[in-house]
Amino acid sequence: DGDGHGDAGSPVESCDEPANHVATGDDCDDADAASAPGLTEVCGDGADNDCDGGSNGCHLEGVIDVGSSDAPRFMSGGLYPFWEGDVAWVGDTDGDGADEFVLSSPMADSGVGAVYLIPGLLEGSWEAPSAAAATLAPETADATFGTDVAAVGDVDGDGLPDFAVSHAATSTVYTFAAVVRGATRADDALGTRTGEAEEEVGADLLGGADVVGGAETDVVVASRARCASSGLPGRAWLLPGPLDTGADFSDAISVTGEADGDGFGCSVAIVDANADGTGDVLWGAGGASSAFLFLGPVAGSNLSSGEADIRILGSEQFGSEVSEHGDADDDGYGNFIVTARTDDTEAQAAGAAMLLDGDDLALGANASTVAYASVHATLQGTYCCTPGSGDLDGDGTPDLVLGVPYWDAAGYNDNGAVFVFHGALTGAYVLPAADFVAENTTDHRGTFGVLVSASGDGNGDGTGDVLAMARFEPPLGILYLVRG
């Protein structure tokens with residue numbers, strides 16, 4: 001590219017210096033003269049100008065209309081909408097330095113369901129089946145395969161991150177190897193765990209940490225049947241590793257809520273809250289306006305939510321959604337994001353997100369007193385938020401990502417938005433006053449931001465990227481990828 005730096009991956013051996021070659025092979029992009037060691041970083045141009053792999057203070061800022069932007073996007077293909085399912089970053093499954101993600105579509109193939117493993121490097125507009133490096137289908141034509149998806153770390157010891165898929169119709173959790181490619185059936189999974197059929201096990205799947213102290217990756221999953229019922233207490237299971245075997249739930253730790261309609265377990269986060277090196281589990285219970293923290297290693301068999309080490313009390317459906325937030329305040333203790341979807345601090349049922357530090361929690365703690373930061377929506381009936389966390393500017397501190405699918409913009413109702421707050425937060429904030437806002441002004445009731453995942457780096461540039469779903473955007477839902 002004429003910048004005086006060449007590509008070390010394309011050497012030429014010669015007694016004399018060949019034309020259009022140099023002796024310095026340290027260029028990170030030999031097709032772009034704007035990228036070379038020693039150049040000054042330019043924010044917003046999409047290039048690693050100085051080839052150091054970092055952002056050098058650049059980060060997402062301002063407001064974009066994601067529908068008219070150049071953000072990569074993925075559509076369902078065929079006649080099968082993204083009205084159900086989930087999305088999650090997995091990690092670098094093929095060793096190319098960039099992360100892949102899994103996207104489930106339970107309504108694909110006339111409701112049989114499918115799960116797609118998709119490279120985060122892709123640009124442009126794609127139908128998910130065409131973009132996928134692997135397409136997973138159920139063992140039989142049981143309905144709605146792909147209830148939820150989650151990264152689970154390296155289960156098989158090959159140095160690559162694996163992932164899990166739940167199928168509530170059969171109460172089964174599957175673990176798949178990172179190297180899976182092409183058309184694959186669920187019976188080719190590394191391992192399966194099958195629970196009680198009437199529970200429809202499969203809601204809010206999460207893994208990637210050891211929470212029972214067995215030096216294996218464990219998985220947490222909830223009862224879809226109970227999450228959808230106001231007449232039963234919620235129920236969740238902790239499935240101890242190893243996950244690459246076939247088994248039932250006989251060794252699982254079951255935890256059940258204490259009140260009908262409490263929603264216990266329907267949202268979950270894992271983080272080391274007390275800095276002891278073992279993962280701790282925070283289960284939300286929005287129907288009880290509470291969150292329950294079980295400190296690892298978790299032990300027992302049939303537990304109740306009342307046996308939690310710490311119960312955090314709130315109001316206005318506090319505990320509707322929970323998410324990990326790394327160690328955002330850099331004190332060594334894990335942080336959580338907890339939402340209260342009907343919070344009315346700024347407007348009726350506008351909703352709020354609260355940030356909690358594991359070091360500040362105590363038995364019976366009240367969310368209003370232990371939250372070190374809060375974000376409140378200002379539009380009535382937005383039911384904020386879908387929380388996420390990721391380092392979007394490469395500074396080592398996780399950034400707060402909030403999807404608000406019922407946000408109104410450009411005269412449309414419920415077209416949705418995603419808000420990003422950079423760095424360590426303290427005090428109270430209100431939407432839409434975020435560092436960065438991605439709006440979707442192209443369609444009425446598109447619900448952009450109903451799903452978010454911000455823990456992956458799709459193009460390997462050292463900054464995290466945000467996946468955000470607009471579930472009802474025509475034609476049949478669109479997943480957007482917003483680069484960090």
Side-chain angles (χ1 to χ4, degrees), residues 42-47 55 58-76 81-83 87 101 103 118 120-128 131 347 350-351 353 375 377-388 390 392-393 399-422 429-454 456-459 461 463-484:
V42 178
C43 295
D45 69 347
S55 66
C58 296
H59 55 243
L60 293 169
E61 57 186 1
V63 180
I64 68 166
D65 180 355
V66 71
S68 60
S69 74
D70 60 358
R73 62 206 63 193
F74 303 89
M75 292 159 286
S76 65
F82 283 149
W83 294 348
V87 64
F101 62 91
L103 170 63
I118 298 177
L121 278 169
L122 295 179
E123 300 289 346
S125 181
W126 295 80
E127 291 189 350
V375 180
T378 54
L379 294 183
Q380 179 178 336
T382 49
Y383 300 104
C384 171
C385 310
T386 306
L392 307 184
D393 53 10
D399 304 309
L400 176 65
V401 180
L402 299 175
V404 188
Y406 302 115
W407 192 260
D408 302 337
Y412 292 113
N413 294 325
D414 303 342
N415 45 341
V418 174
F419 301 88
V420 174
F421 293 83
H422 291 297
Y429 302 79
V430 295
L431 300 178
D435 294 309
F436 171 74
V437 182
E439 295 181 334
N440 187 4
T441 65
T442 59
D443 187 65
H444 181 59
R445 302 192 188 283
T447 64
F448 173 63
V450 68
L451 301 174
V452 297
S453 181
D457 178 7
N459 56 1
D461 67 352
T463 62
D465 302 323
V466 180
L467 294 164
M469 174 66 76
R471 207 183 280 288
F472 297 110
E473 181 177 347
L476 296 167
I478 298 177
L479 176 71
Y480 289 94
L481 199 170
V482 180
R483 302 290 187 192

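Quick caveat: nothing in here was measured; it's all calculated off a predicted structure. Sequential numbering from 1 along the given sequence is applied to the chain's residues.
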| said: Quick one, Asp399 and His422 - any side-chain contact, counting heavy atoms below 4.5 Å? | reply: yes
| Taking all atoms of both residues into account, what is the closest heavy-atom pair of Ala454 and Val466, and its distance? | CB-CG2, 4.1 Å
| Validation row: Val452, Leu467 side chains within 4.5 angstrom (heavy atoms) | no
| From CA spacing to verdict: side chain to side chain contact (heavy atoms under 4.5 Å, CB included), Cys384, Leu431 | CA-CA 10 Å; Cys384 171; Leu431 300 178; 4.3 Å; yes
| query | What's the shortest heavy-atom distance between Ala434 and Val420, and which atoms? | reply | CB-O, 3.5 Å
| request: Indicate the atoms forming the closest heavy-atom contact of Leu481 with Gly120, along with that distance. | output: CD1-O, 3.9 Å
| Would a distance-only check, ignoring hydrogens and angles, find a side-chain to backbone donor-acceptor pair under 3.5 Å from Asp65 to Ser69? | no
| query | Does any non-hydrogen side-chain atom of Leu103 lie less than 4.5 Å from one of Phe82? | reply | yes
| note | Value for CG (Leu121) from CG (Asp461), rounded to nearest 0.5 Å, stands at 10.0 Å
| message | Atom CZ of residue position Phe419 - does it have more than 12 heavy atoms of other residues, nucleotides or ligands inside 6.0 Å? | response | yes
| query | Going by the angle between their ring planes, with limits at 30° and 60°, are Tyr406 and Tyr383 parallel, tilted or perpendicular? | reply | perpendicular
| task | Quick one: pull up CG in Asp408 and CD in Glu439 and give me the separation to the nearest 0.5 Å. | result | 10.5 Å
| Thr382 side-chain N/O to Trp407 backbone N/O, donor-acceptor pair under 3.5 Å | no
| query | Between Phe448 and Tyr412, does the ring centroid distance fall short of 6.0 Å? | reply | no
| Note, Tyr480 side chain near Val418 side chain (heavy atom, < 4.5 Å) | no
| remark: Heavy atoms of Pro475 and Met75 approach each other most closely as CD-SD, 4.5 Å
| field | Straight-line distance of Leu392 CG to Thr463 OG1, nearest 0.5 Å | value | 7.5 Å
| said: So, taking the atom named CG in Asp393 and the one named CZ in Phe436, what distance separates them when rounded to the nearest 0.5 Å? | reply: 12.5 Å
| Heavy-atom side-chain proximity of Pro405 to Met469 below 4.5 angstrom | no
| field | Min side-chain heavy-atom separation Asn415-Thr447 under 4.5 Å | value | no
| said: Just so I know, are the side chains of Pro387 and Val401 near enough to count as touching, which here means a heavy-atom distance under 4.5 Å? | reply: no
| field | Nearest non-hydrogen partners of Arg445 and Asp414, listed with the distance | value | NH1-OD2, 2.6 Å
| request: Would you confirm whether Asp457, through its side chain, and Gly464, through its main-chain N or O, come within 3.5 Å as a donor-acceptor pair? | output: no
| said: Between Arg73 (side chain only) and Ser125 (backbone N and O only), is there a donor and an acceptor less than 3.5 Å apart? | reply: no
| message | Under the rule for side-chain contact (heavy atoms from CB on, under 4.5 Å), what residues qualify as partners of Leu476, not counting sequence neighbours? | response | Ser76, Pro81
| field | Nearest atoms (heavy-atom pairs only) where Thr386 meets Gly449 | value | OG1-O, 3.5 Å
| Hey, mind stepping through Asp435 and Glu61 against side chain to side chain contact (heavy atoms under 4.5 Å, CB included) and telling me if it holds? | CA-CA 5 Å; Asp435 294 309; Glu61 57 186 1; 5.7 Å; no
| Can you tell me how far the OG1 atom of Thr441 sits from the CD1 atom of Ile64, to the nearest 0.5 Å? | 10.5 Å
